[in-house]
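These notes are about the structure you will find just below.
Reckoned from all heavy atoms, side chains included, excluding hydrogens, waters and symmetry mates. Throughout, protein chains are lettered first and strands after them, A, B, ... in sequence-line order, and every chain is numbered starting at 1.
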There are 2 protein chains.
Amino acid sequence: MTRASPRPNLAIGAYRHLKRDIIRGVYAPGEKLRMSDLKTRYDLGVGPMREALSQLVGERLVTTVSQRGYRVAEMSIKELEELYDARAQLEGLILELAIARGGDDWEAEILAKAHALSKVVEVHSAEDMLEVWDRRHQAFHSAIATGCDSPHLLQARTWLFDQAERYRHLWLCQTVFSDAALDTKRREHAALTDTILARDTAAARARMREHLMSPVPIIKRVLQQRGLA
Amino acid sequence: MTRASPRPNLAIGAYRHLKRDIIRGVYAPGEKLRMSDLKTRYDLGVGPMREALSQLVGERLVTTVSQRGYRVAEMSIKELEELYDARAQLEGLILELAIARGGDDWEAEILAKAHALSKVVEVHSAEDMLEVWDRRHQAFHSAIATGCDSPHLLQARTWLFDQAERYRHLWLCQTVFSDAALDTKRREHAALTDTILARDTAAARARMREHLMSPVPIIKRVLQQRGLA
DNA sequence: CTTTATAAAAATATCTACATTTTTATAAAA
DNA sequence: TTTTATAAAAATGTAGATATTTTTATAAAG
């Protein structure tokens, strides 16, 4: 009988909650995070709140200068472009390794996840985009990546994803896919899956890059509208 | 006149100090980090110490379970092998991008750093390995990587390096290079530099991988001697 | 108008006391 | 011997008080 899992301490809840709020754009890029406000919003004292912030600093979603408080990390078009390029590059590497290393179970998992994703035939709201489509979308891509059989590369991938998530959130909230757009995405995913199952590395990499970069112009426009250079 | 930089808070110093101690093996893998001991050793109270630990948890050098305290992350041969493979893969990607993107200044910087590294003609102690040779060695490799022109990929690289640093430390402390070994390393670095300057991506990648993986058998033996599977 | 100086208000960072949880030591039962 | 129960000791986590630093508001000087 293993020991029961202890109740998570307050810092853990605050970390999760604040991280989620940052990603969802509750705070503007560069916005000051004042302790008096945070204590109230997340219902805890200074100590655990500072712990949560420390972790988010380590994750680069929050910046800090001693005695000058904490701020949400900035966003910019320049960062967007470089970040998405970096993600596409790493995803290409991971995909190549997965194609070389992944077995039958890996293929089966991709097909299962692609199927679940394709079953989303209509979305009505930004909430649907986030909670329904994008969950399955992420699961699909994770299934592909898992074949690389490298926990550390997957962690680096996760970190880049976390950095990109604020930008992705802009895209997903801005964009409610029409039926036609969903159909287009379904085709993209199917074509990507085909190249992967065919173990055609070059084609898979090209499709993956194109697929990953497709939200960039949309996000760019949103950032421009918000006056972020 | 810009504002003076405020004095770093206590958590920052503790973070740096503890991180350094972990990397240098002051604590064994998996060792319990007891707050009463940490407070004394790093001369501060619970609050800032917990902040420092939070950041190290985010960096995966420390693990924690609520109510059960903190521990230094484990090490293993399995992790060593996967981590070094991941590093070699990412370094290969970064090298390929650097060769495609780097200009004349980048080449000049590599030559300068290679030159400084080659000037180390003898090392007498583990301290020399760390403070003299390895500083220049890291600077050489960083100069190469910088050409990829992707801050996010470089950050992912840094994170992998941090994960590897405990393992590297075992190697560097275990291994005081003889003059002959230094000469061999010098040749490796020169050959690597040649392939880079020749913009021969395939050859450069192959040499880089071989070079990066060369400490693995040594580290493996050290881990085995210490009973880490 | 801008700059400088000052005081007050607000924010930041840390320590300590203390409630809660976990671990350790010990004794008894199986 | 191992397992169980109990109490004591130790460790963990947090709130609140407080010292320090920064920011804001205001007035005076240039």
In chain order, what residues pass the ring-ring contact (aromatic ring centres under 6.0 Å, His included) check against A:Phe161, with sequence neighbours excluded? none
Annotated protein contacts, base or backbone, on nucleotides 8-13 of chain D with a non-hydrogen cut-off under 4.0 Å, one of B, S, - each: ---SSS
Residue list, salt bridge (Lys or Arg N to Asp or Glu O under 4.0 Å) with B:Asp162, at least two apart or on another chain: B:Lys19
Show me the pairs that pass side-chain hydrogen bond (donor to acceptor under 3.5 Å, both in side chains) and involve residues 86-102 of chain A, at least two apart or across chains. A:Glu91-A:Arg157, A:Glu96-A:Arg205, A:Arg101-B:Asp85
Applying salt bridge (Lys or Arg N to Asp or Glu O under 4.0 Å), name anything that partners A:Arg41, two or more places apart in sequence or on another chain. A:Asp21
In whole Å, I'd like the distance from the OH atom of B:Tyr15 to the C1' atom of C:dT14. 21 Å
If you look only at pairs with a residue in residues 102-111 of chain A, which of them pass as a side-chain hydrogen bond (donor to acceptor under 3.5 Å, both in side chains), with sequence neighbours excluded? A:Glu107-A:Arg199, A:Glu109-A:Lys113
Give the dot-bracket line for DNA chain C from 5' end to 3' end: parentheses for intra-strand Watson-Crick or G-U pairs under 3.5 Å, square brackets for crossings, | for inter-strand pairing, dots for unpaired. ||||||||||||||||||||||||||||||
Scan B:Gly45 against the nucleic acid and name what it touches under 4.0 Å (heavy atoms): base, sugar-phosphate only, or nothing. sugar-phosphate
Interatomic distance where CZ belongs to B:Arg7 and P belongs to C:dT12 [whole Å]: 17 Å
Donor-acceptor contact present, side-chain B:Arg71 to main-chain B:Glu31, <3.5 Å: no
Expressed in angstrom and rounded to an integer, what is the separation of B:Ile12 atom CD1 from C:dT12 atom C1'? 12 Å
N/O donor to acceptor pairs below 3.5 angstrom from side-chain atoms of residues 142-149 of chain A, sequence neighbours left out:
| from | atom 1 | to | atom 2 | distance (Å) |
| --- | --- | --- | --- | --- |
| A:Ser142 | OG | A:Gln138 | O | 3.1 |
| A:Thr146 | OG1 | A:Ser142 | O | 2.6 |

The salt bridge (Lys or Arg N to Asp or Glu O under 4.0 Å) partners of A:Glu131 (sequence neighbours excluded) come to A:Arg24, A:Arg135
